[in-house]
Amino acid sequence: MRLLLIWAINAAALFALPYLMSSITVDSVGTAIIAALVLGLVNALIRPILVLLTLPVTFLTLGLFIFVINGLMFWAVSQMVGGFHVAGFWSAVGGAILYSVISWILSALILKEK
């Protein structure tokens with residue numbers, strides 16, 4: 001049940017992005033749900049491999065290269081899911097950061113531990 005709630009929170013965060021950034025569009029709530037699922041899968045399966053492969057660059061940039069990896073994952077998902085569009089790489093980096101912040105805030109508000 002908790003996993004479905006987190007998925008819904010991430011979909012809501014993704015659906016809110018076009019209202020904050022004009023360079024990102026999400027056509028419908030269904031598209032946001034599918035994109036949130038694909039983004040979760042990509043972040044769970046592909047991102048750890050990329051982080052491991054780019055560890056020297058991440059170390060040299062004091063961890064800032066993680067933002068580039070997050071942007072690439074976000075941009076890749078926009079290429080995979082129809083109806084979810086990101087204008088460019090830097091829009092993807094900004095969108096990934098904003099998506100993470102919105103998700104974190106919603107999770108903190110909704111999933112309070114007792």
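Start at 1 with the first residue, then count along the sequence.
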Q: Could you walk me through whether Leu17 and Ile102 pass side chain to side chain contact (heavy atoms under 4.5 Å, CB included), step by step?
A: CA-CA 9 Å; Leu17 279 180; Ile102 294 170; 4.1 Å; yes

Q: Report the C-alpha separation of Phe89 and Val68 in whole Å, then their side-chain angles, then the decisive distance to 0.1 Å, and conclude whether the side chain to side chain contact (heavy atoms under 4.5 Å, CB included) test is met.
A: CA-CA 9 Å; Phe89 172 72; Val68 172; 3.8 Å; yes

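Rounded to the nearest 0.5 Å, atoms CD1 (Ile33) and CZ (Phe15) are 9.5 Å apart. Residue Leu14 holds its CG atom at 10.5 Å from CG of Leu98, rounded to the nearest 0.5 Å. Here Leu106 contributes atom CG and Leu5 contributes atom CG; the two are 10.0 Å apart, rounded to the nearest 0.5 Å.
Grouped by direct or indirect side-chain proximity (heavy atoms under 4.5 Å, Ile/Leu/Val/Met/Phe/Trp/Tyr only), Ile49 sits with Leu53.
Among pairs with a residue in residues 34-43, none fulfils side chain to side chain donor-acceptor pair (under 3.5 Å), at least two apart in sequence or across chains. For residues 95-109, every residue pair satisfying the side chain to side chain donor-acceptor pair (under 3.5 Å) rule, not counting sequence neighbours, is listed here: Asn10-Ser103. The side chain to side chain donor-acceptor pair (under 3.5 Å) pairs that include a residue from residues 16-30 are Ser23-Ser91, Ser28-Thr31, where partners are two or more places apart or lie in different chains.
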What pairs of donor and acceptor atoms, side-chain ones from residues 55-63 against any protein atom, are under 3.5 angstrom apart with sequence neighbours left out?
unit_1, atom_1, unit_2, atom_2, d
Thr58, OG1, Thr54, O, 3.0
Thr61, OG1, Val57, O, 3.0
Thr61, OG1, Thr58, O, 3.3
Thr61, OG1, Phe65, N, 3.1

Can you give each donor-acceptor pair under 3.5 Å made by side-chain atoms of residues 70-84, sequence neighbours left out, with the distance rounded to 0.1 Å?
unit_1, atom_1, unit_2, atom_2, d
Asn70, OD1, Arg47, NE, 2.7
Asn70, OD1, Arg47, NH2, 3.3
Ser78, OG, Trp75, O, 2.6

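When the side chains of ILVMFWY residues are joined at heavy-atom separations under 4.5 Å, either directly or via intervening members, Val38 and Leu4 end up in a single hydrophobic cluster.
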